[in-house]
Structures are given as C-alpha cells and as structure tokens.
Amino acid sequence: MTLTLTVSDEVRALAPGFTHVAVEAHGLVNGPSTEAGSALLDDAARRMAARLDGRAPHEDPHMAAWRETYTAFGAKPSRTRNSAEALARRALSGAGLPRVNALVDLYNAISVAHLIPVGGEDMDLIQGGMRLVRAGGEEDFVTVAGGEEVVEHPEPGEVVWCDGAGVTCRRWNWRQGPRTRLTDRTASGLFLLESLAPMPVADVVRAAGELAELLEKSSPGARVTVRGPKSAA
C-alpha cells in the first residue's frame, strides 16, 4: 500500500518554493556498510567539493534557502543545520562522511552529491500516513540521550514530519527519530528528497532517479517507484 504524504497549508505558506520527491522501495536488503557504499560516499564528497568550488556549504544557493526557511520558523540554522548541510560540512572536515548501514549510505551519498536533504524511513514502522506540519508543541518525539530513551517536544511553530504515533523528524529535516529509521530488518523504505527554490525541480527528480537506480542495484529484485515531484505551490 502506498504511504500518504501531506503538507499542511501552514507549511505551504511558509515555504511556497518547497518541493518533495519520494522514492518508495519494497523488497530491500539492508546490512552493514560495504566497500561499494564507502566508495560511493567518497565519490559523493568529491562531487560536492566540485559543486561548491571552494565555497562553504552554507554559501550554496540551495543551502542558503534552507537557512532562510529555518530562520522563518524560529530555528537557528547555524546551530541546527539541515541534514544536507550537516553532511557536507562533515565531508569537508577531517572526520569524513559516516558509514551507517548499506541503505543509509546510499541516500547520504545522494544527499551530499546533490546538496539535497534526503531522509529514509522504514515504511513498516510508520503508523498511518506522514504529514509535514507546524507543531503545536505538545507532540511527542522519542529519541535517545545518554543511552536512554527520552521524549522531547518540538517548539510551537517548528516544522516537523510526523505520523500517527508522533514526530518522526524535527526541524523539518534536521534530526530523525530512531523509531522509524532504517535498520538491518528494513524491507520497505520511503526515501524523501526535499528542495526549495532556487533549486530546479528537474535537479531533484534527477537525484531521485539516481537513488532509485542505486537501490535497484543494491537490492536486486526490489520494486522501486519514484513518486513526485509534489510542489508546495
């Protein structure tokens, strides 16, 4: 069954240039990071460096647009960066890109190479559909701190992705909760690519197609569908 994705009118008003493309995949095989995935991340870092051409990640027009949008809903973009900018900064540092697991490595590589925030959710762990909304402040976000499970609450007005059980990602695409993340048991995944103007929609669609090809290659026999683009306008 196809997972429903909805964007609230309040979010549409906040970011009229927002577009998202979803890649839905069934029959996936996940596991530890591989040499092929590691090579893909290294190549993504090189592609990103060439794209930036000496600029800092936040100077890229797309990353600058995300910073402006974060500021508009009350977040501090220099402290809580969108996922693509955070990965880009790490790629340029001595730490390099993290190796998480086979599926996460794939979508992180696409995110870095194209400077597009990309998230991955285990569809079997999502309750109901997913909604992008401005939080009231009472919603539950289950995370882990100091090795213990804790419940946080978003700030009122904060943009969050949520399902029927609570928030799945805070500050739009800043921090995903562990409840729906991709694990070794994941067989069905939803990968969400998010963009703002001035990034051309065609660029997001191209990145989604590249991710779909990588998923098909890493999980032979998987059923992969690109859904979108869906504009906020």
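Being a predicted model, the structure only gives us computed values, none of them experimental.
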Step by step, would you call Leu40 with Leu106 a side-chain contact (heavy atoms from CB on, under 4.5 Å)?
CA-CA 8 Å; Leu40 192 69; Leu106 292 186; 3.5 Å; yes
Where is the tightest heavy-atom contact between [X] and [Y], given as atom of each residue plus distance?
X	Y	answer
Glu139	Gly137	OE1-N, 2.9 Å
Pro154	Arg170	CA-NH2, 3.7 Å
Gly128	Leu3	O-CD1, 3.2 Å
Asn173	Tyr70	OD1-OH, 2.7 Å
Ala222	Gly27	CB-O, 3.8 Å
Ala44	Val112	O-CG1, 3.7 Å

Between [X] and [Y] (side chain of the first, backbone of the second, donor and acceptor by atom type, cut-off under 3.5 Å), is there such a pair?
X	Y	answer
Gln176	Gly120	yes
Arg55	Arg51	yes
Arg81	Ser78	yes
Ser219	Glu216	no
Thr34	Gly37	yes

Would a hydrophobic clustering, with Ile, Leu, Val, Met, Phe, Trp and Tyr connected at side-chain separations under 4.5 Å, put [X] with [Y]?
X	Y	answer
Val159	Trp174	yes
Leu193	Leu5	no
Phe73	Val160	no
Leu97	Val100	no
Leu103	Met130	no

Just to verify, which of His62, Arg90, His58, Arg67 counts as forming a side chain to side chain donor-acceptor pair (under 3.5 Å) with Glu85?
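Among His62, Arg90, His58, Arg67, the one that satisfies the side chain to side chain donor-acceptor pair (under 3.5 Å) with Glu85 is Arg67.
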So [Y] and [X], do their side chains get closer than 4.5 Å, heavy atoms only?
X	Y	result
Leu182	Phe191	yes
Thr6	Leu132	no
Val204	Thr19	no
Glu148	Val144	no
Val11	Trp172	yes
Leu52	Leu92	yes
Leu115	Trp66	no
Asn101	Pro32	no

Once you round to the nearest 0.5 Å, how far does [atom1] of [X] lie from [atom2] of [Y]?
X	Y	atom1	atom2	answer
Leu190	His26	CG	NE2	8.5 Å
Leu87	Ser111	CG	OG	5.0 Å
Arg171	Lys76	CZ	NZ	10.0 Å
Glu210	Glu213	CD	CD	7.5 Å
His153	Glu155	NE2	CD	11.0 Å
Leu192	Arg227	CG	CZ	9.5 Å

Go through the steps to decide whether Asp203 and Ile116 satisfy the test side-chain contact (heavy atoms from CB on, under 4.5 Å), and finish with yes or no.
CA-CA 9 Å; Asp203 288 2; Ile116 297 172; 5.5 Å; no
Can a donor-acceptor pair be found between the side chains of [X] and [Y] at a distance below 3.5 Å?
X	Y	value
Trp161	Glu194	yes
Glu121	Thr180	yes
Ser33	Asp105	yes

Walk me through whether Glu152 and Arg175 qualify under salt bridge (Lys or Arg N to Asp or Glu O under 4.0 Å).
CA-CA 12 Å; Glu152 298 178 352; Arg175 187 171 64 169; 2.5 Å; yes
Apply side chain to side chain donor-acceptor pair (under 3.5 Å) to Arg99 and Ser38, showing your working.
CA-CA 7 Å; Arg99 272 59 172 168; Ser38 185; 2.8 Å; yes
Going through the distances and angles, do Asn108 and Val118 end up as a side-chain contact (heavy atoms from CB on, under 4.5 Å)?
CA-CA 7 Å; Asn108 277 350; Val118 184; over 6 Å; no
Could you please spell out the steps behind the side chain to side chain donor-acceptor pair (under 3.5 Å) verdict for Thr186 and Asn30?
CA-CA 6 Å; Thr186 298; Asn30 199 11; 4.9 Å; no
Give a yes or no on whether Glu35 atom CD has more than 12 heavy-atom contacts from other residues, nucleotides or ligands under 6.0 Å away.
no
Carboxylate-amine/guanidinium proximity below 4.0 Å for Asp163 and Arg179:
yes
Full working for salt bridge (Lys or Arg N to Asp or Glu O under 4.0 Å) between Glu158 and Arg134
CA-CA 5 Å; Glu158 180 182 326; Arg134 300 198 70 171; over 6 Å; no
Given Val151 and Phe141, is the side-chain contact (heavy atoms from CB on, under 4.5 Å) satisfied, shown in steps?
CA-CA 5 Å; Val151 178; Phe141 177 70; over 6 Å; no
